[in-house]
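For reference, the structure is listed below as structure tokens.
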Amino acid sequence: MNEPASFKGPLPEDVVFTDEDRPTDHAGIHNVYGHLMSKATYEGLKEHDGRRPFVITRACFAGSQKYAMVWTGDNTSMWGHLQMAIPQLCSLGLSGMPFAGTDIGGFGADTTPELLARWIELGVLSPFCRNHSAMGSRRQEPWVFGDEVLDIYRKYVKLRYRLIPYFYDLFFEGERTGAPIMRPLVYEYEKDETARTCNDEFLIGSRILAAPVVQQGADHRMVYLPEEEWYDYWTGEKITGPVWFVREAPLDVCPLYVKAGTALPCMPDQSYVGEKPNDTLILQVYPGEGEYDHYLDNGEDFAYREGKYHQYHFTVKADGTVETQVAHAGYEKPYERVLIQTTGE
């Protein structure tokens, strides 16, 4: 709650503040207060510790993405707020705030087993993944909701950790180019009229398309795939777009599709980052023509800005074979093994 606020109503606009050494008032500082607090926290942590600061801010301003990540605020455990999450997070990405998420399960009110299951399926695919709820609401730990929900939750948290190398690449790309991590379809397919108005699907980077179920009681949903060849992540089925179709989606299935020609970097199953040595890269290959760059560094400090990272360049062929090059060799602990797993054909 790092904005000038009061539970007794708005602060008077003439309350005195300072902007560095310049006197100002609430009217002038209100919107930038959280930004300056994030900036000061980030710079202080960086100077004191040397590692990359992780700062979460509720209030921000233009440029705050340099110092902090955000979430969409105090949502409620209701299906409408799950539905809102997709356009909210895509809009934040387009607005220059790529590191964002929602309170999974909803912050206020009491979630339900079905709602929590569907929300975690979406939440693990957003840049910031956090289950969070208010005091006085029903407890939201996944084991409170029975074995079925617990198994679904475990399945998708494992998916999240498996995809950490892919998310890491997207953060690297985002720092260099400003590209959002979670993207509306129109970001990649601007001439596709369906993509322009599709608010219940999204892209993670340019390679993965997610079509989560956000309607109560639904066990099927209409899926739209733009003009590419895609592979169903769960079944390996190859589908050619543009196409609409009905996908079965029981409670434990979030429809996911990977673009042909993708070399998807994954890591072995683990319960937390660093549980196992980071010496093996699993490359999930989806046959088709394509190229992909993967980055590896120590994950903690700013040495990568001095060139201390590895950049792997993968070229995928139509038959699923892969050519590997090291485009930049600056990290002292490169992978010892790259395991290739081919999907589909």
Side-chain angles (χ1 to χ4, degrees), residues 124-125 127 129 155-177 179 181-183 188 202-210 225 228-240 254-299 304 308-345:
V124 298
L125 301 171
C129 177
K155 171 183 176 180
Y156 283 90
V157 170
K158 284 186 174 182
L159 173 65
R160 170 73 174 201
Y161 276 89
R162 182 174 177 82
L163 293 177
I164 286 290
Y166 181 62
F167 275 99
Y168 198 78
D169 289 340
L170 296 178
F171 274 94
F172 193 95
E173 176 189 0
E175 178 175 347
R176 287 190 161 186
T177 69
I181 296 164
M182 185 171 171
R183 307 172 182 179
E188 298 287 341
F202 60 92
L203 295 163
I204 308 123
S206 63
R207 301 288 177 172
I208 300 178
L209 184 148
L225 296 181
E228 301 278 1
E229 291 186 332
W230 301 87
Y231 288 88
D232 186 305
Y233 180 84
W234 304 112
T235 69
E237 178 188 3
K238 188 176 181 180
I239 305 169
T240 301
C254 172
L256 293 174
Y257 301 89
V258 184
K259 188 185 299 184
T262 293
L264 188 64
C266 302
M267 70 179 187
D269 287 347
Q270 51 191 294
S271 299
Y272 57 89
V273 173
E275 180 186 20
K276 300 175 182 178
N278 191 24
D279 57 8
T280 301
L281 179 70
I282 298 172
L283 207 61
Q284 189 68 52
V285 177
Y286 296 82
E289 300 287 339
E291 298 182 347
Y292 185 82
D293 285 289
H294 172 63
Y295 301 90
L296 175 68
D297 62 21
N298 65 28
Y304 69 94
K308 295 182 180 180
Y309 66 89
H310 258 54
Q311 178 182 345
Y312 297 86
H313 183 77
F314 301 114
T315 302
V316 183
K317 304 296 185 179
D319 61 0
T321 58
V322 180
E323 293 180 359
T324 302
Q325 294 177 308
V326 178
H328 179 86
Y331 183 48
E332 67 274 13
K333 295 180 181 179
Y335 294 116
E336 296 178 6
R337 294 176 296 277
V338 177
L339 305 179
I340 295 178
Q341 300 174 350
T342 303
T343 299
E345 299 176 347

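Owing to the predicted nature of the structure, the values given are computational and were not obtained by experimental measurement. When reading the values below, keep in mind they use all heavy atoms of this one structure, side chains included, and skip hydrogens, waters and symmetry mates.
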What is the distance from atom [atom1] of [X] to atom [atom2] of [Y], rounded to the nearest 0.5 Å?
X	Y	atom1	atom2	answer
Asn298	Tyr331	CG	OH	5.5 Å
Leu209	Leu225	CG	CG	6.0 Å
Lys259	Leu203	NZ	CG	7.5 Å
Leu264	Ile282	CG	CD1	10.5 Å
Gln311	Gln325	CD	CD	10.5 Å
Phe314	Glu291	CZ	CD	12.5 Å

Residues two or more places apart in sequence or in another chain: which of them pass ring-ring contact (aromatic ring centres under 6.0 Å, His included) with [X]?
X	result
His313	none
Phe171	Phe99
Phe172	Tyr295, Tyr309

Looking at every non-hydrogen atom in both residues, tell me the closest pair between [X] and [Y] and how far apart they are.
X	Y	result
Tyr168	Gly299	OH-CA, 3.3 Å
Asp169	Asp293	OD2-O, 3.8 Å
Cys254	Leu125	SG-CD1, 4.3 Å
Thr342	Gly320	OG1-O, 4.1 Å
Cys129	Val124	SG-CA, 3.9 Å
Pro265	Pro165	O-CB, 3.8 Å

Of the options Thr262, Leu339, Val338, which is the one that meets Leu283 in a side chain to side chain contact (heavy atoms under 4.5 Å, CB included)?
Val338
Could you work out, with side chain to side chain contact (heavy atoms under 4.5 Å, CB included) as the rule, every residue matching [X], not counting sequence neighbours?
X	result
Glu173	Leu170, Thr177, Ala179, Arg183
Asp232	Trp234, Thr235, Glu237, Arg247, Tyr257
Ala329	His310, Val326
Lys308	Ala303, Glu306

Stepwise side-chain contact (heavy atoms from CB on, under 4.5 Å) test for Asn278 and Val273
CA-CA 9 Å; Asn278 191 24; Val273 173; over 6 Å; no
Salt bridge (charged side-chain N to carboxylate O under 4.0 Å, His left out) filter on Lys158, not counting sequence neighbours, yields none
Listed partners of Lys276 passing salt bridge (charged side-chain N to carboxylate O under 4.0 Å, His left out), at least two apart
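For Lys276 there are no salt bridge (charged side-chain N to carboxylate O under 4.0 Å, His left out) partners, ignoring immediate neighbours.
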Are Met267 and Tyr161 close enough, and set up right, to give a side-chain contact (heavy atoms from CB on, under 4.5 Å), and what steps lead you there?
CA-CA 7 Å; Met267 70 179 187; Tyr161 276 89; 3.9 Å; yes
Go through the steps to decide whether Thr321 and Ile340 satisfy the test side-chain contact (heavy atoms from CB on, under 4.5 Å), and finish with yes or no.
CA-CA 9 Å; Thr321 58; Ile340 295 178; over 6 Å; no
Please list all pairs passing the ring pair (Phe, Tyr, Trp, His ring centres under 6.0 Å) test where one or both residues lie in residues 262-286, with sequence neighbours left out.
Tyr231-Tyr286
Identify, with sequence neighbours excluded, every residue that meets side-chain hydrogen bond (donor to acceptor under 3.5 Å, both in side chains) alongside Tyr166.
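Per chain and number, Tyr166 pairs via side-chain hydrogen bond (donor to acceptor under 3.5 Å, both in side chains) with no residue.
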My understanding is that only residues two or more places apart in sequence, or in another chain, count here; which of them pass side-chain hydrogen bond (donor to acceptor under 3.5 Å, both in side chains) with Thr280?
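Scan of Thr280 (side-chain hydrogen bond (donor to acceptor under 3.5 Å, both in side chains), adjacent residues dropped) gives Arg337.
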Check: Gln284 side chain, Gln341 main-chain N or O, donor-acceptor pair, under 3.5 Å:
yes
Check: Asp279 and Tyr335 side chains under 4.5 Å, non-hydrogen atoms
no
Could you check if a side-chain atom of Trp230 sits within less than 4.5 angstrom of a side-chain atom of Thr240, using non-hydrogen atoms only?
no
Between Tyr292 and Tyr312, does the ring pair (Phe, Tyr, Trp, His ring centres under 6.0 Å) criterion hold? Intermediate values first, please.
CA-CA 8 Å; Tyr292 185 82; Tyr312 297 86; over 10 Å; no
Quick test of your reading of the model: are Glu229 and Lys238 salt-bridged, counting only N-O distances below 4.0 Å?
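A salt bridge links Glu229 with Lys238.
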Apply side-chain contact (heavy atoms from CB on, under 4.5 Å) to the pair Ile208 and Tyr233, showing each step before the final yes or no.
CA-CA 9 Å; Ile208 300 178; Tyr233 180 84; over 6 Å; no
